[in-house]
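Comments concern the structure below.
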Amino acid sequence: MRYSFLSLARGALQGHSIWPRVWRDAAPKPAYDVVIVGGGGHGLATAYYLAKEHGFSNIAVLEKGWIGSGNAGRNTTIIRSNYREPGNIPFYELSMKLWEGLESDLNYNTMVSQRGVLNLYHSDAQRDAYARRGNAMRIHGVDAELLDEAGVRSYAPYLDFDNARFPIRGGLLQRRGGTARHDAVVWGYARGGDRRGVDIVQNCEVTGIRIVRGAVSGVETTRGFIGARKIGLAVAGNSSRVAAMAGLRLPIESHTLQAMVTEGIKPLIPGVITFGAGHFYISQSDKGGLVFGGDIEAYNSYAQRGNLPVIEEVCEGGMALMPMLGRLRVLRSWGGVCDMTMDGSPIIDRTPVDGLYFNGGWCYGGFKATPASGWCFAHLMATDRPHETAAALRLDRFATGRVIDENGQGAQANLH
Amino acid sequence: MRTASGGLIDRNVPLNFRFDGRPYRGFAGDTLASALIANGVRLVGRSFKYHRPRGILTAGPEEPNALVELRNGARREPNTKATTVELYEGLEAASQNRWPSLSFDVLALNGLAAPFLHAGFYYKTFMWPASFWEKLYEPLIRRAAGLGRASGEPDPDRYEKAHAFCDVLIVGAGPAGLMAALAAARSDARVILCEQDFVLGGRLLAEHFEIGGKPGAIWARGLETELRSFPGVTIMPRTSVFAAYDGEYAALERVSDHLAMPPPFMPRQRLWKIVARHCVIATGAVERIIAFGGNDRPGIMTASAIRTYRNRFGAAPGKQAAIFTTTDDGWRSIADLRDAGVRVAAVVDPRSEVRKDLVSQAQSVGANVHFGSQVVQAHGAHGVKRITISSPGGAITTIDCDLLGVSGGWNPNIGLTTHLGAKPIWSDGISAFIPGELSRAMSVAGAARGKFSLRDALADGASVGLAVSEATGFARPLLDVPRVGDEDTNMWPFWRSTPTGKFAFVDLQNDVTAEDVQLAAQEGFQNTEHLKRYTTLGMATDQGKTGAVVAQALMAALTGTAMGTIGVPRARPPETPVAIGAFAGHHRGKSFRPYRLTAGHRWAEEQGAIFTEVGQWLRAQWFPRASERDWLETVSREAATVRSAVGICDVSTLGKIDIQGADAGAFLDRVYINVFSTLPVGKARYGVMLREDGFVMDDGTTSRLADDHYFMTTTTANAGRVMQHLEFCHQVLWPDLDVQMISATEQWSQYAIAGPRSRELLRGIVDGQFDISNAGFPFLAAVAVTICGGQPARLFRISFSGELAYELAVPARYGDALARALMEAGAPLGVAPYGTEALSVLRIEKGHAAGNELNGQTTAADLGLNRMMSTRKDYVGRVLAERPALADPDRPALTGFKPVDRKTRLRAGAHLFQQRAAISPENDSGHLTSVAFSPALETWIGLGLLKRGSSRVGEIIRAYDPVRGGDYLLEVCSPVFVDPKGERLHV
Amino acid sequence: MRIPCPFCGLRDAEEFAVLGSDPGPRPDPAAPNALTAFSDYVHLRDNPAGANREFWYHASGCRRWLRIARDTRTHQILSAELAVPSGTS
Amino acid sequence: MSDVRLVAQPALAEFVFSERFGNPAGPAGVTVVLRHDLRIASVIARRGCEAELAVRVERTFEVAPPPGPHRIRKGNLTILGIGPGRWMFLQEKGAPEFADVLARDLKGLASISDHSDGYAVFEVGGPLARQALAKGVAIDLHPKSFGVADAAVTSIAHIGAMLWQTDDAPRYAIAVFRSSAGSFWHGLRDSAAEFGLTVHPG
Ligand SMILES: Cc1cc2nc3c(=O)[nH]c(=O)nc-3n(C[C@H](O)[C@H](O)[C@H](O)COP(=O)(O)OP(=O)(O)OC[C@H]3O[C@@H](n4cnc5c(N)ncnc54)[C@H](O)[C@@H]3O)c2cc1C
Ligand SMILES: NC(=O)c1ccc[n+]([C@@H]2O[C@H](COP(=O)([O-])OP(=O)(O)OC[C@H]3O[C@@H](n4cnc5c(N)ncnc54)[C@H](O)[C@@H]3O)[C@@H](O)[C@H]2O)c1
Ligand SMILES: Cc1cc2nc3c(=O)[nH]c(=O)nc-3n(C[C@H](O)[C@H](O)[C@H](O)COP(=O)(O)O)c2cc1C
Ligand SMILES: [Zn+2]
């Protein structure tokens, strides 16, 4: 069923009986050519592109809960390609381009909204760092503008310019950045994959990876053994646990990232704004809630929840930047388990086990990567060669020293 | 209407207020909602999607409908639940989400378009053309969505945070909470009792129960008095415990919200962080709705809310009522309505029978009783006027009423029990979710765990209280549970009427209907979480407290599953919404973060310094003079003064670490790339430390004051991290070493005295017995001296500027005086203070790396410091610095740059390309890290990281800075622009 | 979260800096496989869902490094001890 | 040589104090005294010397350094336990040589550093002192869990501090780094405003 104004009208007249399931409730088959572990955005996008771009037809996505129950279903929806390191920029820019065509590709409104992403700076050193980053983006053909204080004042007059502990000096603006409706991305890819024959199997937790003579043969799951010639891991926050099933140790720690949403209000904040002197970023959802967050919890966690100090810190940042937020109420806060790497950048690579491919290390920033991650992971799994834009996202970069450390924090996961 | 008597309001204290501009009057003890009801106001707001007219559904924080904009101007609070607003004199509130007015709202047309606007309709359309989304569709949706309007102005009120500790925290002061508190108090425990309401008593305030022969509210007041007599008990009204976190609870005290404006010196709200050894959750239960057509019309209320308005507020929400109930306590409303002078036209109960006395009571007030019946539709545009009911055999009856009480059963308030991850479980007994397995430090009592009758709630509160006292190590006290009559709690799970009718809501605020649930099921969004995310069920400001479970029950029926098997709804903090300002407390504006000032701060201020933030420090950036046009002129003058005469600069912010112990030298050898154990006493040495991953972490000068005593300096920015790193190296890696360290940053006030005349200046400061001649006190000497006639100080001959220079440190109490003394002594020599900017110019002229180069991505070799890397010892980072990519000779290395056109201004952050190479990522060969206008060279100069930079001196390259429109040629040169042989250091 | 510092007592986690998981002993820099051993030591982590051994630094307290075992699913602290037992520093 | 004599400036000299802040009604709920007479030195036991150090301290000062996060007072000497094998020694009305003398007395057994200028010390009393402090202090000051025999190194509204109780009134002493004294004072002033606050610049 194609979605359009027309079909919507038809549905309205026929009492909605016309709408079929968005994806089938597939039961697992005994074996597949490709099994993707993890029904988040990345797993579903990978399956979709494997089917659409590489002609695979016998694919399953195995999800331990319901699709989108991981970070895909709980992120703050920011998409951008304003990276600094040459290992990252082309990849995230590919993602941005895919976002720009995603809705017509999927025939699903994922509400990609290029409302602009502004990162503020508060010192000369920060300005220089953003200039370096903006220039790197421009050299890669990505849009970037460096605003001075006057530029920020006219772009976002409601910020606190006059009483700030760390005065705003300017910002790096990517106008093509913005937000997308996170759940819709999951559902859109699921629908797209499903229509191309991908089996989406929910409530199917992978509990083991069967390896025969150094090569994968399938996965043990809570719904029985499922054979597979190739297995792709896209389990984000659970990367270490699943990789351990194949005997791998990863340069990853799992940490909670919290986010918050306020009660709905009429349009107040048009774009996405990130504070440069504290941990705080914000945007407004189409429903009206201000969606905001900040730093990860410093300790390892799989609990999918965080603690009060980070919430306080985030709100302190919010009040420092936008004192008009004071009386708006936090309606809900939540947490997700982030796969933090030792250099803060992701990994899309083969593993030492034949037929086992790894996609993870998305830290707190993998939503924006969803389309490109699926695209590049599908490319890697189909061709056994890295996609050109993801060639730097290797697993061995820690051993060789070719790390992609955007902020220069070094090998401590919770500092990225 | 206000009843003639009754209620807990104070009829002697009338209060005037306005709603949508019209004046009304209420009484002390009213909420805004009860006062509106007492004034006959029924239409209070508009719903989210269809903009349907809405009234007041409940009497508590579970309210989905009666949202208002409270107060005006900068104090405007959108989405405020009228049911939780304590009335005060002069209160102003306005309806929201309507245009142009509450009674005529253009977007109510959405209601007509409802067939198009079903759950998730937007995912299926608005896709073409792509650019129309941001420009057209999205702005439309955004404007239509949202509820109230933010003020858009800085919040003028103050917020506070506070900490509290207790043995037992009790949440909720209903009968269960009060009994638990009494038990704990009598056992001598330290008790905190938090109640979100402004009166203690919970449902006792809302019902006409008697306890031990006294009205419930009076009993509660008596108990409150007894509790207050215990010194260990703290009672906190107007305080919601809104979250359970690891080891602490978060609560919000609404200190001044019941007043027009906070009194002087008082915050608006206070965020409490409560550490309790044990917590008793006694939060009661919330009555839920039933899905039927038009169940959202103003005048439709939960039956318990009707009783609350009648009994607590003396307000009757209508003239002619009907009751639609599937619980026995719904029937109890009849007596209360009768007492309020409200006619009860009918009682509709889907069950086939209830206890006889309930029936006879209904009949005694003239109500028609309809068993096995259901309300299928409510009618009335701006408020219910009529209801249609269907009875067994399909009979349809119409009943006139302007008030419909609905009782669909009770949901225990279990939110707080789930925050730490415990999963609720479904109870068939009460047809509701009850708390699952809890941590050992948390108990639940009363209606919050399904002990619904008053008798049970009292007994449960008492027994939980006693058990908790014992568990926390206190003696079990004597406690009688007061006598009360029995109370009906029978009910029958009943979720929706059949037929369900149009606009049968399961989420009133977000306009989610039973039809939407059906559609979600059909499209595969069946899991509770998919249902929620697809339809927005339970995502409104009430978090679905009255309706979400109805939708879940519908979904269970549609999918043929048992409740709870396709997902359990997850509550998240905060239990009730909390203002962002409260989480921030006083950390906003200039108080966002503490600031740190050096001892010379006031002196610098007097010198006219402009300050800049470096971490938390404020440092003098430059010292402008009236005659100077701009900062560049000032900074150039300051730098030139250092090169030609003498300048002084406050460098107290550098991290200083006192390191002692027999193995101090050996320890330093392991943390620095170079050797310190051989440093002679009385000498200083520049050191570089790496992180274990081989990249540079920090640099600084470390002096040896005695055999077993070193004094380290770090960069200002990294001081904390270095201290932590050193402690790690000692305590974790090498605990065998005899070394002790402690930060001494704050003890010493330290000034750089730099320039060819610095020795002359010092001669006027340092006491005569100290030889500070070039020979007697050569470059890198570091000793204790006395100055100004006996004041102990430390003198270092070190230089960041490349000039003859010193750093002089005194105990911080003399920091201010020393700056003044240095200025005085230097006056004849032309001394000037200089700030961080001139400091930066001077160091760039000398090619010294600083923050922009020590960016965490550079190796010692990148910075030209590889010769310092000792090969004779192990040190942190040595091994991984040998990784192929770190040892790659192609890496960008520290290089100097001058513009080919000497007038060109350089800017840090520009990227570097071969002169004729195309601008492309592959050709990117580095970037400018730091730039300065060099007064010595009379041109802009720069440092940067350029691929194979050191072998490219003389080459002309291109600097590309598109974000600032820069594109110019540079000459590659040595990073040392001034005095390349370093002769000036030694004069 | 409240951390039971063996010296200071139960304190708010805000007072601490946490390094992350305990990577085990620092490898022998002179061993022939030092490069690999150090790279693994610095980068690879077990990252278990369950008991995890971690380093916490009581930065706003006694400035001791603590070895803490903590359940990453519940945040429950299983044990906490000073990195250097008292009396040996 | 200079004939200038350096004059000491107390921490917080840059703040102008008036007698009374906040709520002007009735007696002040909180009183603050700034202590400028304290000499402060850290004493960190050398490796393996803790026991011997305790003996030496006891012999010298007639009081043993407390082994835990405790406070002990003897004459004008106060010792705070700030970490395992680490103490702060404070001398009231102390002389500038305090740290040097300590270093001499404890030579070989401990490393001594002078911090006399590194801290600003606030003494906070008055009937509502505890209520005011609860707005920043994250440890339980109830007499059941904190008393004159206790000391704590902690953080108060993002500012590092040493805290101890000087008498049972109760009065508390709070030492914060000199550079943060201004921020700390602002926080304290705001916390105490509702109770009324008097200040003695000491
Ligand atoms: C609060 C928060 C805010 C964020 N904000 C942003 C943002 O603004 N912008 C941005 O770009 N990124 C953001 N992120 C990061 C982003 O959400 C993630 O990086 C991204 O979603 C990860 O990819 P994914 O969608 O595939 O992961 P997930 O959705 O987490 O998918 C992994 C899936 O694997 C499943 N799984 C795990 N183990 C197993 C198993 N053994 N068997 C079967 N299935 C398994 C999980 O259930 C899960 O559904 C945020 C993250 C959080 C937590
Ligand atoms: N007959 C029935 O079916 C039925 C059903 C439910 C309740 N009840 C009645 O309810 C009462 C049950 O007693 P109880 O004490 O368990 O509940 P209660 O509802 O009387 O008291 C709960 C109290 O907790 C407060 N509260 C809730 N959440 C809070 C929070 N997060 N922070 C601070 N305060 C909070 C509420 O404001 C309320 O005062 C009895 O009077 C009983 O008659 C009857
Ligand atoms: C962009 C975004 C907007 C959200 N808006 C709302 C909202 O308006 N109301 C709400 O109750 N929750 C909102 N949430 C939070 C979700 O209810 C939920 O907490 C989150 O997806 C995590 O799921 P969990 O709490 O079930 O773990 C939003 C989440 C996201 C990511
Ligand atoms: Zn400690």
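Values below: every heavy atom of this structure, side chains too, minus hydrogens, waters and symmetry copies. Letters A, B, ... mirror the listed sequences (proteins, then strands); counts begin at 1.
Only the side chain of B:Lys273 has a heavy atom closer than 4.5 Å to any heavy atom of chain A. Proximity to chain A (any heavy atom under 4.5 Å) is shown, for B:Glu882, by neither the backbone nor the side chain. Only the side chain of A:Gln202 comes within contact range of chain B, with at least one heavy atom under 4.5 Å from a heavy atom of that chain. The part of A:Arg169 that comes within reach of chain B is its side chain, from C-beta onward, which places non-hydrogen atoms under 4.5 angstrom from that chain. With a threshold of 4.5 angstrom between heavy atoms, B:Asn923 does not approach chain A through any atom at all. Residue B:Leu420 touches chain A through both its backbone and its side chain, counting heavy-atom pairs closer than 4.5 Å. If you measure heavy-atom distances from A:Val261 to chain B, you find no contacts under 4.5 Å at all. Of the two parts of B:Arg75, the backbone and the side chain both hold a non-hydrogen atom closer than 4.5 Å to a non-hydrogen atom of chain A. Contact annotation for A:Asp124: only side-chain heavy atoms (C-beta onward) come within less than 4.5 Å of a heavy atom of chain B. Heavy atoms closer than 4.5 Å to chain A are found in the side chain of B:Asn852, but not in its backbone. Interface residue B:Thr536: only side-chain heavy atoms are found under 4.5 Å from chain A. For chain A, the nearby parts of B:Thr541 are the backbone and the side chain; heavy atoms of each come within less than 4.5 Å. Only the side chain of B:Tyr159 comes within contact range of chain A, judged by heavy atoms closer than 4.5 Å. Looking at A:Pro86, there are no atoms closer than 4.5 Å to chain B (heavy atoms on both sides), in backbone or side chain.
Put simply, the side chain of B:Phe583 does not reach to within 4.5 Å of the side chain of A:Val314, judged on heavy atoms. A heavy-atom distance below 4.5 Å is not found between the side chains of B:Lys532 and A:Asp183. Within the 4.5 Å cutoff, the side chain of A:Asn107 has no heavy atoms near those of the B:Lys124 side chain. Inter-residue side-chain proximity for A:Arg165 and B:Gln616 is flagged as met; some heavy-atom pair is nearer than 4.5 Å. Annotation: side chain of A:Gln409 is not in contact with side chain of B:Arg691 (no heavy-atom distance under 4.5 Å). Inter-residue side-chain proximity for A:Lys266 and B:Gln96 is flagged as unmet; no heavy-atom pair is nearer than 4.5 Å. Proximity of B:Leu147 to A:Glu263: side-chain heavy atoms (C-beta onward) are nowhere separated by under 4.5 Å. Looking at heavy atoms from C-beta onward, A:Ile139 lies in side-chain contact with B:Tyr960 at the 4.5 angstrom threshold.
Residue A:Ser333 comes nearest to B:Pro574 through the heavy atom pair N-CD, 4.2 Å, listed as atom of the first residue, atom of the second, then distance. Minimum heavy-atom separation, B:Arg883 to A:Arg397: NH1-O, 4.5 Å. Between B:Pro884 and A:Ala399, the closest heavy-atom pair is CD-O, 4.1 Å. The shortest non-hydrogen separation linking A:Ala411 to B:Asp693 is N-OD2, 3.4 Å.
B:His530 and A:Trp23 have perpendicular rings, their planes meeting at more than 60° on a 0 to 90° scale where under 30° would count as parallel. Ring planes of A:Trp19 and B:His118: tilted class, angle from 30 to 60°.
Under a 4.0 Å N-O distance rule, the pair A:Arg327/B:Asp157 qualifies as a salt bridge. Ion pair B:Asp246/A:Arg305 flagged as a salt bridge, since at least one NZ, NE, NH1 or NH2 atom sits closer than 4.0 Å to an Asp/Glu carboxylate oxygen. Salt-bridge annotation for B:Glu529 and A:Arg74: absent, with no side-chain N of the basic residue lying under 4.0 Å from a carboxylate O of the acidic one.
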Worksheet item: B:Phe592 and A:Phe275: ring-ring contact (aromatic ring centres under 6.0 Å, His included), yes or no, with the steps?
Response: CA-CA 13 Å; B:Phe592 166 54; A:Phe275 191 22; 5.5 Å; yes
Item to complete: Check the pair B:Phe126 / A:Met111 against side-chain contact (heavy atoms from CB on, under 4.5 Å), numbers first and verdict last.
Response: CA-CA 9 Å; B:Phe126 299 137; A:Met111 301 187 188; over 6 Å; no
Discussion item. Would A:Arg133 and B:Val963 count as a side-chain contact (heavy atoms from CB on, under 4.5 Å) here? Give the steps.
Written reply: CA-CA 10 Å; A:Arg133 198 208 284 199; B:Val963 293; over 6 Å; no
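Taken to the nearest 0.5 Å, the CE atom of B:Met539 stands 8.5 Å off from the CG atom of A:Leu331.
A:Arg332 and B:Gln543 share a side-chain donor-acceptor pair at under 3.5 Å. There is a side-chain donor-acceptor pair under 3.5 Å between B:Glu138 and A:Ser113.
Judged by the 6.0 Å distance and 45° axis criteria, B:Lys590 is not positioned over the aromatic ring of A:Phe166.
A donor-acceptor pair under 3.5 Å is absent between the side-chain atoms of B:Glu523 and the main chain of A:Arg21, judged by distance alone. For A:Arg329 (side chain) and B:Asn79 (main-chain N/O), a donor-acceptor pair under 3.5 Å exists by modelled atom type.
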